[in-house]
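When a residue number appears, it is its place in the shown sequence, counting from 1. Hydrogens, waters and symmetry mates are skipped; everything else that's a heavy atom, side chains included, is used.
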Amino acid sequence: MLNPADDALAARLPAGVLREVAPAYLEEPRGRWHGRAGLVAAPRTTAEVAAVVRACAEARVGIVPRGGGTGLVSGQVMPEGPAPLILSLERMTALRGIWPEENVLVAEAGMTLQAVRDAAEAVGRLFPLSLASQGTAAIGGCLSTNAGGVTALRYGTARALCLGVEAVLPDGSVVHDLKRLRKDNTGYDIRDLLIGAEGSLGVVTAASLKLVVPPPGIGTAMLQVPSPEAALTLLSLAEGRMAGGVTAFELIGGQGLAFLAEVLPEIRQPLPGVAWSVLIEVGLPAGLAPAEALEGLLVEAMERGLVLDGVIAQSGQQAMDFWDLREHIPEANRRIGAVASHDISLPLSEVAGFIRDAGAALAGEGLRINCFGHLGDGNLHYNLFPAPGRSRADYDDRRRALSHLVHQMVVDRGGSFSAEHGVGRLKVGDLERWADPARLAVMRAIKATLDPLGIMNPGAVLSTAG
């Protein structure tokens with residue numbers, strides 16, 4: 001059993017690390033969970049993080065690590081159990097070093113994703129991870145949840161963009177693994193173990209990150225497609241024509257455009273009212289004209305019936321407007337109020353069939369379905385909303401069953417019920433239900449070995465009763 005974080009623990013912490021337990025530390029963006037805390041600590045250095053963790057281990061107090069607080073599966077809030085210590089990395093924001101010639105940057109975990117991207121841009125480089133919440137999301141949280149975003153098709157998830165980490169383990173020891181190497185076959189990869197663990201195995205305090213040289217030419221277009229099947233064929237055509245130059249390929253359902261028109265009418269829509277559209281971005285080498293490449297794609301795609309209409313951005317501002325539309329879809333969703341949201345991934349060949357069959361299975365439920373997301377890597381956000389005139393509270397008795405139905409259909413097609421948001425506390429039961437038993441047993445064994453007291457983010461990823 002864990003103990004609450006109390007005044008006795010506070011007296012053992014490094015001077016100056018405690019913060020007021022403000023409401024912001026106890027909230028998560030979707031408002032479904034409310035956390036609790038006995039103390040909030042915001043260390044300034046890795047040594048202070050280690051001291052805080054050691055004190056909590058000795059007192060057997062739970063620790064909830066917190067970055068920018070933008071996670072969507074409630075991994076950053078603990079609603080039940082003895083009041084934990086919230087360990088915020090908000091004061092560890094230093095850029096420790098940048099090596100443009102190596103395409104490497106080392107950042108502390110509290111540095112925001114936007115700050116990392118800005119630092120890379122200042123030396124003519126790009127850190128390609130891109131999220132709508134990048135102004136708030138912290139790099140430690142991005143790694144701890146293995147964030148994906150819109151450019152994963154070309155550059156991979158956060159895991160693929162990390163060369164090494166510095167982290168504090170549950171006993172307070174520090175892993176010093178901030179290597180800047182592309183090749184390092186020296187045993188087990190502790191970095192990959194900590195990435196995606198959501199703070200359940202330790203606290204990432206800094207990371208060495210891969211940078212890239214920005215593509216000299218960038219082109220953006222919005223294209224109306226007749227169906228998800230056509231969108232997938234268009235993706236294959238685009239990748240063939242662009243030779244690895246497709247950076248992002250986003251599917252946008254008509255319901256998302258309708259929600260934007262309803263609650264954010266100021267957002268410009270180049271293809272208003274269409275049932276399905278694709279937002280594509282390409283980055284090409286010097287000497288190639290992205291607009292011309294997209295025009296050639298558009299002509300061939302229209303000849304083959306894959307595209308019905310399209311708009312190619314003629315300026316940087318127009319391209320930004322296209323992305324502004326895409327990035328405001330989640331905001332429109334929040335204003336409408338979802339019954340249930342699903343962050344899923346599927347093999348590309350299963351995507352269209354899932355969209356068809358899930359729509360048919362849910363047809364009698366009195367719901368509106370907003371299906372959109374990162375089609376290029378098979379990641380869909382499949383969200384269910386009340387029928388007009390009804391509220392999401394009207395569906396509370398069906399919400400779990402609806403999510404179970406969606407997730408079961410995904411798993412049956414070889415997909416994942418958590419593509420890029422993690423497990424957190426929201427999907428612990430889903431992991432126990434659908435994970436491979438041997439894999440789950442290995443996860444529990446690792447947790448028991450590294451965190452035998454169960455102090456690291458209790459109840460996140462793995463059930464405390466497991």
Side-chain angles (χ1 to χ4, degrees), residues 112-137 149-155 212-225 231 234 238 241-242 245-254 256-274 276-299 301-302 307-333 335 372-376:
T112 66
L113 176 53
Q114 185 62 58
V116 169
R117 287 171 60 88
D118 290 345
E121 183 179 3
V123 294
R125 295 296 185 264
L126 170 68
F127 182 61
L129 185 65
S130 180
L131 312 173
S133 60
Q134 61 197 34
T136 305
V150 297
T151 63
L153 167 63
R154 182 166 184 171
Y155 298 108
V212 300
V213 177
I218 297 176
T220 311
M222 288 202 70
L223 309 175
Q224 179 188 359
V225 294
L234 176 64
R241 292 180 64 101
M242 305 295 175
V246 180
T247 300
F249 196 91
E250 299 288 299
L251 181 69
I252 299 174
L257 299 182
F259 285 162
L260 282 170
E262 179 179 346
V263 300
L264 293 168
E266 66 275 15
I267 301 297
R268 298 176 60 186
Q269 297 198 24
L271 298 171
V274 302
W276 295 102
S277 59
V278 162
L279 172 58
I280 180 173
E281 180 178 290
V282 299
L284 301 181
L288 299 180
E292 291 180 11
L294 286 170
E295 185 176 351
L297 173 67
L298 177 58
V299 169
M302 294 185 79
V307 170
L308 305 176
D309 195 5
V311 181
I312 299 171
Q314 300 301 307
S315 67
Q317 182 58 54
Q318 191 172 22
M320 289 174 59
D321 289 344
F322 291 174
W323 279 110
D324 193 50
L325 181 153
R326 167 60 182 87
E327 290 169 359
H328 275 87
I329 291 175
E331 174 61 24
N333 286 349
R335 296 195 187 191
F372 68 104
H374 319 308
L375 185 62

**Request:** Work out which heavy atom in Ala313 is nearest to a heavy atom in Ala319; give both atom names and the distance.
**Result:** CB-N, 3.7 Å
**Message:** So that I can tick it off, tell me whether Glu121 and Arg117 are bridged by a salt bridge, with the cut-off set at under 4.0 angstrom between side-chain N and carboxylate O.
**Reply:** no
**Message:** Is the shortest side-chain heavy-atom distance between Leu264 and Arg335 below 4.5 Å?
**Reply:** yes
**Prompt:** Do Arg125 and Val213 come within less than 4.5 Å of each other through their side chains, counting heavy atoms only?
**Reply:** yes
**Prompt:** Distance from Gln114 atom CD to Thr136 atom OG1, nearest 0.5 Å?
**Reply:** 10.0 Å
**Item:** Straight-line distance of Ile329 CD1 to Phe259 CZ, nearest 0.5 Å
**Value:** 11.0 Å
**Separation between NE2 of His374 and CG of Leu153, rounded to the nearest 0.5 Å** = 11.0 Å
**Asked** Could you give the distance from CD (Gln269) to CG (Leu257), rounded to the nearest 0.5 Å?
**Response** 4.5 Å
**Prompt:** If you round to the nearest 0.5 Å, how far is OH of Tyr155 from CG of Leu129?
**Reply:** 12.0 Å
**Item:** Validation row: Thr247, Pro128 side chains within 4.5 angstrom (heavy atoms)
**Value:** no
**Message:** Apply side chain to side chain contact (heavy atoms under 4.5 Å, CB included) to residues Gln318 and Val311 and explain how you reach the verdict.
**Reply:** CA-CA 10 Å; Gln318 191 172 22; Val311 181; 3.8 Å; yes
**Prompt:** Hey, does Leu294 have a side-chain heavy atom less than 4.5 Å from the side chain of Met242?
**Reply:** yes
**Message:** Less than 4.5 Å apart, side chain to side chain, heavy atoms only: is that true for Leu297 and Ile280?
**Reply:** yes
**Prompt:** Below 4.5 Å, heavy atoms only, C-beta onward: do Pro290 and Ile218 meet side chain to side chain?
**Reply:** no
**Complete:** Output for pair (Arg268 CZ, Asp321 CG), nearest 0.5 Å, gives 5.0 Å
**Message:** Assess the residue pair Asp309 and Val274 against the criterion (side chain to side chain contact (heavy atoms under 4.5 Å, CB included)); give the C-alpha distance rounded to whole Å, side-chain angles, the decisive distance to 0.1 Å, and a yes or no.
**Reply:** CA-CA 10 Å; Asp309 195 5; Val274 302; over 6 Å; no
**Item:** Heavy-atom side-chain contact between Glu250 and Phe322 under 4.5 Å
**Value:** no
**Glu331 and Asn333, any side-chain heavy atoms less than 4.5 Å apart** = no
**Request:** Determine yes or no for a side-chain-to-main-chain donor-acceptor pair under 3.5 angstrom, with Arg154 supplying the side chain and Gly245 the backbone.
**Result:** yes
